[in-house]
J.: 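One structure is given below, represented as structure tokens, and several questions about it will come after.
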Amino acid sequence: MNPQADNLSFFQQVYAVARLIPYGRVTSYGAIARYLGTGGSARMVGWAMNSSHSTTGDIPAHRVVNRNGLLTGKHHFDGPLVMQELLESEGIKVIDDQIINFNKHFWDPVKEIL
DNA sequence: TTGCTGACCGACG
DNA sequence: CCGTCGGCCAGCA
């Protein structure tokens, strides 16, 4: 089979969507995974973010949180407080690693991107 | 090469 | 309500 059957690899697709996240908005790993059609591969989305530091281009990984709006991956940044600071810098309130009004800031690629 | 782990999610009991 | 399990894919020992 052609490894290039699809346009881009799974990781590349994740990076593409992550870059499309608008300022002051957040999304979840599962939402991205669902948009890619993988659904259950939500873990790979997080793994892709882990490799995002290796990729060229700005990947707003701080705008990607888990389904609960919890900053689960904050420890993977330069510091455990970097993610929260970045979100607050964009007008998103974060208390105890939990995004306030998460639903209001939530950005679903499936609904936003057609 | 095989096996385990991982920034998750949903279902089941 | 809470604990547990399976699924998905890629990287690493």
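Computation of the quantities below employed the complete heavy-atom set of this structure, encompassing side-chain atoms and omitting hydrogens, waters and symmetry-equivalent molecules. Reminder, nothing fancy here: chain letters follow the sequence lines and each chain counts from 1.
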J.: Round to a whole Å and report the spacing from CH2 of A:Trp47 to P of B:dC4.
T.: 16 Å
J.: Let me check something: any side-chain donor-acceptor pairs from residues 104-114 of chain A under 3.5 Å, sequence neighbours excluded? List them with distances.
T.:
| from | atom 1 | to | atom 2 | distance (Å) |
| --- | --- | --- | --- | --- |
| A:Asp108 | OD1 | A:Val110 | N | 3.0 |

J.: DNA chain C: A:Phe11 or A:Arg43, which has the more 5' nearest nucleotide?
T.: A:Arg43
J.: Salt-bridge test for A:Lys74 and A:Asp97: reply yes if a basic N is under 4.0 Å from a carboxylate O, no otherwise.
T.: yes
J.: Could you state the CD1-P distance from A:Ile32 to B:dA7, rounded to the nearest angstrom?
T.: 16 Å
J.: Taking atom P in both B:dT5 and C:dC5, compute the distance separating them and give it to the nearest angstrom.
T.: 14 Å
J.: Atom CG of A:Leu36 and atom P of C:dG7: how far apart are they, to the nearest Å?
T.: 21 Å
J.: Using a 4.0 Å heavy-atom cut-off, does A:Asn66 contact any base of the nucleic acid, only the sugar-phosphate backbone, or nothing at all?
T.: sugar-phosphate
J.: For side-chain contact (heavy atoms from CB on, under 4.5 Å), just list the numbers for A:Ile59 and A:Arg19, CA-CA rounded to whole Å, side-chain angles, deciding distance to a tenth of an Å, and then say yes or no.
T.: CA-CA 6 Å; A:Ile59 309 294; A:Arg19 262 188 255 126; 3.6 Å; yes
J.: Using the C1' atoms only, state how far C:dG6 lies from B:dC4, rounded to an integer number of Å.
T.: 16 Å
J.: Taking atom CG of A:Leu71 and atom CD1 of A:Ile99, what is their separation to the nearest 0.5 Å?
T.: 5.5 Å
J.: Should A:Arg34 be listed as having a side-chain N or O under 4.0 Å from OP1 or OP2 of B:dG10?
T.: yes
J.: Could you give the CD1-to-P distance, from A:Ile59 to B:dA7, as a whole number of Å?
T.: 19 Å
J.: Which nucleotide, C:dC9, B:dG6, B:dC9, lies nearest any side-chain atom of A:Ser41?
T.: C:dC9
J.: What does A:Thr72 touch in the nucleic acid at a heavy-atom separation under 4.0 angstrom: a base, only the sugar-phosphate, or nothing?
T.: sugar-phosphate
J.: Considering only side-chain heavy atoms of A:Met49, which listed nucleotide, C:dC9, C:dA10, B:dA7, is closest?
T.: B:dA7
J.: Rounded to whole Å, please give me the gap between CZ in A:Phe10 and P in C:dG11.
T.: 11 Å
J.: Starting at CD of A:Gln13 and ending at C1' of C:dC9, how long is that distance when rounded to a whole Å?
T.: 13 Å
J.: Is the backbone N or O of A:Asn50 less than 3.5 Å from a side-chain atom of A:His53, with the two atoms forming a donor-acceptor pair by type?
T.: yes
J.: Distance check needed: B:dA7 C1' versus A:Phe77 CZ, whole Å only.
T.: 8 Å
J.: Starting from C1' on C:dC8, measure out to OH on A:Tyr29 and report it in whole angstrom.
T.: 17 Å
J.: Indicate, with a heavy-atom threshold strictly under 4.0 Å, whether A:Arg67 touches base, sugar-phosphate, or nothing.
T.: sugar-phosphate
